[in-house]
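Some notes on the structure that comes next.
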Amino acid sequence: MTGVLQEIRAAVEQDPSRALEESVRVLKARVPHYTWVGIYLIEGDELVLGPFLGKPSPHTRIPLGRGICGAAATEKATIVVDDVNADPRYLACSIETKSEIVVPIMAAENTEDTDSMLGGTVLGEIDIDSDQHAAFGEKDRQLLEAVAILLAPLVSGRMSPTSQTTDRSNSRV
Ligand code: SME
């Protein structure tokens, strides 16, 4: 797993403008039990699907209160679900999916301690589905939380500092 993080770090350093796409690509390619890998970004009160690999999802926009994705954003915490079919919050993406992990990408606000980001703003999240039951353990959590920390400043740079939305209407060219 540390090799995967190093590979993502190298790809991000090489081309920060493609950080999200490269992170998704490396995670999907290098970890066999990651069946669907995607990144959602916050726009207003919705999570909007960005880069992903796997079958197209019907859930391209998820209100913050809905789904496991919405719950992770609201709780500002990683959520691991061993059996998605037993979780009433679950929004189905594929009938093959058995388990899911959602890791918030948090802006570290008012603190330099990246291990303690509970007070921060949610910028987006990494969402991974597996066709295996209970596929996600502590190593997955550690890897994906490290990737989220790596991506946070890059995601933050894409967003409006006030609304945390990708508002192109106000951009000045
Ligand atoms: N299962 C997610 C929805 C996104 S799909 O997995 C791609 C959820 O319950 O929020």
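Start at 1 and go down the list; that is how both ligands and their atoms are numbered.
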For the residue pair Val80 and Asp82, establish whether any side-chain heavy-atom pair is separated by less than 4.5 Å. yes
So the atoms of ligand 1 within less than 4.0 Å of a heavy atom of Tyr90 turn out to be 1 (N), 9 (O)
Less than 3.5 Å between some nitrogen or oxygen of Cys93 and one of ligand 1, yes or no? no
To the nearest 0.1 Å, how far is atom 8 (C) of ligand 1 from its closest protein heavy atom, and which atom is that? Ile68 N, 3.3 Å
For atom 10 (O) of ligand 1, which candidate among Ala71, Cys69, Ala72 holds the nearest heavy atom? Cys69
Quick check: are there more than 12 heavy atoms from other residues, nucleotides or ligands sitting under 6.0 Å from CZ of Arg66? no
N/O to N/O below 3.5 Å, does that happen between Arg66 and ligand 1? no
Identify the protein heavy atom lying closest to atom 2 (C) of ligand 1, giving its residue, its atom name and the separation to 0.1 Å. Glu100 OE2, 3.2 Å
For a 4.5 angstrom cut-off between non-hydrogen side-chain atoms, does Val26 reach Val31? no
List the atom of Lys28, the atom of Tyr34, and the distance in Å for their closest heavy-atom pair. CD-O, 3.4 Å
Candidate pair Leu47 and Arg61, rule side-chain contact (heavy atoms from CB on, under 4.5 Å), full reasoning: CA-CA 5 Å; Leu47 290 154; Arg61 300 185 84 93; over 6 Å; no
For Tyr40 and ligand 1, does the shortest N/O to N/O distance drop below 3.5 Å? no
What's the shortest distance from atom 6 (O) of ligand 1 to any protein heavy atom, and which residue and atom give it? Asp129 OD2, 3.0 Å
Against heavy atoms of Asp127, which atoms of ligand 1 measure under 4.0 Å? 4 (C), 5 (S), 6 (O), 7 (C)
Considering non-hydrogen atoms of the protein only, which is the closest contact for atom 9 (O) of ligand 1, and what is the distance? Leu91 N, 2.8 Å
pair Thr35-Thr97: side-chain heavy atoms closer than 4.5 Å: no
Are any side-chain N or O atoms of Lys76 and backbone N or O atoms of Gly120, one a donor and one an acceptor, separated by less than 3.5 Å? yes
